[in-house]
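We count ligands from 1, going down the list as the structure has it; atoms in each ligand are counted the same way. All residue numbers refer to positions in the sequence shown, counting from 1.
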Amino acid sequence: QAKENGANNYIRYSKEITGHVLNRLELENDLRDALTNHSIMVYYQPKYNSQSNRMIGAEALARWQHPKYGYIPPNIFIRIAEESQLIIELEREIIKIVFGQIRRWLDEGNQVPRTSINLSSVQFYRDDLIPFLQEALEIYQISSEYIEFELTESIILKDRINVNERFDELIDMGFELSIDDFGTGYSSLSYLHKLAINRLKIDKSFIDDYHENGEVIATIISLAKQLKLNVIAEGVETKDQIDFLSDLSCYDIQGYYFSPPLPVSEYERKLQTLRLSNL
Ligand code: C2E
Ligand code: MG
Ligand code: MG
Ligand code: MG
């Protein structure tokens with residue numbers, strides 16, 4: 001499997017995927033087509049608690065199988081979508097897919113853990129976000145308690161005056177909110193206590209080199225504790241990382257150690273075992 005994360009790989013991938021030289025404009029047009037054809041898919045990466053070994057949630061991640069070039073990493077097509085406003089339609093598509101799948105899983109009698117969806121700052125600040133979400137909840141008949149939104153620090157860096165207002169609106173609707181890739185945004189920590197958020201996600205880059213970043217990780221975890229926020233580590237791949245995080249009382253884990261992002265059919269099998277284990 002290709003390594004698609006990391007700024008270094010981005011450049012290489014933006015030029016070449018499995019031998020193809022990619023044209024940005026061509027990709028943008030193909031992405032527009034993919035949205036029209038509803039061929040964008042969602043994979044689900046389970047989140048676990050390392051003490052109980054139980055699934056505690058999942059993250060919905062966009063997947064695009066290009067008709068000619070095959071798998072295009074999200075880091076590439078999300079960037080293109082953000083630069084071209086296609087991100088608005090793409091995220092709406094993801095929201096509809098996830099809400100629809102949760103409805104179906106519930107109808108089939110499954111226990112469904114809270115599922116997080118990534119939201120760009122463009123979407124976050126749109127006037128029609130709240131009405132869109134209200135309508136989607138209505139159409140798919142699901143409760144907002146099943147949904148969490150992951151936002152990056154760039155939302156706050158935009159320094160928009162209505163940032164708190166928007167957080168409050170989403171929380172009032174019953175959604176959970178987390179700050180994704182936390183610690184990478186170079187933002188001041190002073191805004192954090194003002195925001196209605198539930199969770200910090202420690203960025204994978206810290207976990208990758210946890211030996212060097214031990215103090216940063218410890219600081220984030222104690223900050224979360226002081227602010228009474230939950231904390232989850234992302235990109236956890238090894239038992240050593242689990243042990244390190246356990247020593248700091250961080251047990252919520254997302255990463256290949258427990259599971260990679262799964263296609264719907266495989267994720268459904270996990271949901272079914274979840275049901276069996278609770279009988
Ligand atoms: P993210 O939101 O931080 O998602 C976590 C990324 O880390 C995912 O990459 C996931 O596959 C990867 N990951 C999780 N655990 C591990 C691990 O143990 N090892 C390694 N090597 N990787 C791990 P993915 O799916 O390639 O997505 C990359 C980014 O693309 C996401 O980062 C998110 O920023 C963006 N993205 C994906 N789907 C959407 C979407 O629907 N909307 C928006 N706005 N962004 C999205
Ligand atoms: Mg995320
Ligand atoms: Mg993240
Ligand atoms: Mg990340």
(message) Checking the N or O distance criterion of under 3.5 Å, is ligand 1 in contact with Ala62?
(response) yes
(request) Answer yes or no: is there a side-chain heavy-atom contact under 4.5 Å between Leu200 and Asp180? (result) no
(request) Kindly indicate whether the side chain of Leu133, heavy atoms from C-beta on, has any atom under 4.5 Å from the side chain of Phe175. (result) yes
(request) State which residue, out of Glu148, Arg199, Lys201, Glu59, fulfils the side-chain hydrogen bond (donor to acceptor under 3.5 Å, both in side chains) condition with Ser178. (result) Glu148
(request) Answer yes or no: is there an ion pair linking Arg166 with Glu169, defined by an N-O contact shorter than 4.0 Å? (result) yes
(request) For the Mg ion (ligand 2), report each protein N, O or S atom nearer than 2.8 Å, sorted by chain and then by residue number. (result) Glu59 OE2, Asn118 OD1, Glu150 OE1, Asp180 OD2
(message) Side chain, backbone, both or neither: which applies to Gln123 and ligand 1 if a contact is any heavy-atom pair less than 4.0 Å apart?
(response) neither
(request) Show which atoms of ligand 1 fall inside a sub-4.0 Å distance from at least one heavy-atom site of Glu234. (result) 3 (O), 5 (C)
(request) Answer yes or no: are there more than 12 heavy-atom neighbours, outside Asp127 itself, under 6.0 Å from its atom CG? (result) no
(request) Classify the contact between Asp181 and ligand 1 as side chain, backbone, both or neither, using a heavy-atom distance cut-off of under 4.0 Å. (result) side chain
(request) Taking the six-membered ring for Trp and the single ring otherwise, decide whether the centroids of Phe167 and Phe124 are under 6.0 Å apart. (result) yes
(request) Decide yes or no for Ile197 and Glu176: does some side-chain heavy atom of the first lie under 4.5 Å from some side-chain heavy atom of the second? (result) no
(request) Check whether any side-chain heavy atom of Leu262 sits under 4.5 Å from a side-chain heavy atom of Pro46, and report yes or no. (result) yes
(message) Quick test of your reading of the structure: of Asn118, Ile40, Leu119, Thr184, whose heavy atom lies closest to atom 42 (N) of ligand 1?
(response) Asn118
(request) Would you mind reporting whether Ser50 and Val236 have side-chain heavy atoms less than 4.5 Å apart? (result) no
(request) Enumerate the atoms of ligand 1 whose separation from the nearest heavy atom of Pro261 is less than 4.0 angstrom. (result) 11 (O)
(message) Using a 4.0 Å cutoff against the non-hydrogen atoms of Gln45, which atoms of ligand 1 qualify?
(response) 10 (C), 14 (C), 15 (N)
(message) Given Arg79, Lys204, Gln254, identify the one with the heavy atom nearest to atom 20 (C) of ligand 1.
(response) Lys204
(request) Would you mind reporting whether Arg24 and Glu83 have side-chain heavy atoms less than 4.5 Å apart? (result) yes
(message) Just to check, does Arg63 reach to within less than 4.0 Å of ligand 1 when the distance is taken from its heavy atoms?
(response) yes
(request) Just go through Tyr71, Phe77, Phe258, Tyr256 and tell me whose heavy atom is the nearest to atom 22 (N) of ligand 1. (result) Tyr256
Would you mind writing out the side-chain donor-acceptor pairs for residues 87-99 within the sub-3.5 Å range, not counting sequence neighbours?
| unit_1 | atom_1 | unit_2 | atom_2 | d |
| --- | --- | --- | --- | --- |
| Glu91 | OE1 | Ser120 | N | 3.4 |
| Glu91 | OE1 | Ser120 | OG | 3.0 |
| Glu91 | OE1 | Gln123 | NE2 | 3.1 |
| Glu91 | OE2 | Ser120 | N | 2.8 |
| Glu91 | OE2 | Ser120 | OG | 3.3 |
| Arg92 | NH2 | Asp128 | OD2 | 2.8 |
| Glu93 | OE1 | His38 | ND1 | 3.2 |
| Glu93 | OE2 | His38 | ND1 | 2.9 |

(request) List every atom of ligand 1 that sits less than 4.0 Å from any heavy atom of Ile78, numbering the atoms from 1 in the order shown and giving each element. (result) 36 (N), 39 (C), 40 (C), 42 (N), 43 (C), 45 (N), 46 (C)
(message) For atom 43 (C) of ligand 1, which of the options Glu93, Lys201, Glu91 provides the nearest non-hydrogen atom?
(response) Glu91
(request) Compute the minimum heavy-atom distance from Gly235 to ligand 1 and say whether it is under 4.0 Å. (result) yes
(request) Find all atoms of ligand 1 within a distance of less than 4.0 Å from any non-hydrogen atom belonging to Glu237, and give their numbers and elements. (result) 17 (C), 18 (O), 19 (N), 20 (C), 21 (N)
(message) Taking 4.0 angstrom as the limit and counting only heavy atoms of Ile94, give me the atoms of ligand 1 inside it, by number and element.
(response) 41 (O)
(request) Report the residue from Ile202, Ile207, Asp181 that forms a side chain to side chain contact (heavy atoms under 4.5 Å, CB included) with Glu234. (result) Asp181
(message) Counting neighbours of CD on Glu135 that are heavy atoms of other residues, nucleotides or ligands and sit closer than 6.0 Å, is the number greater than 12?
(response) no
(message) Under a 3.5 Å distance rule, please check whether Asn110 uses its side chain to pair with a backbone N or O of Leu106 as donor and acceptor.
(response) no
(message) Could you check whether Tyr267 and Trp105 have their ring centres less than 6.0 Å apart?
(response) yes
(request) Could you list which atoms of ligand 1 come closer than 4.0 Å to a heavy atom of Gly255? (result) 15 (N), 18 (O)
(request) Check Glu82 against ligand 1 and report side chain, backbone, both or neither, counting heavy atoms closer than 4.0 Å. (result) neither
(message) Heavy-atom distances under 4.0 Å decide this one: backbone, side chain, both or neither, for Asp180 against ligand 1?
(response) side chain
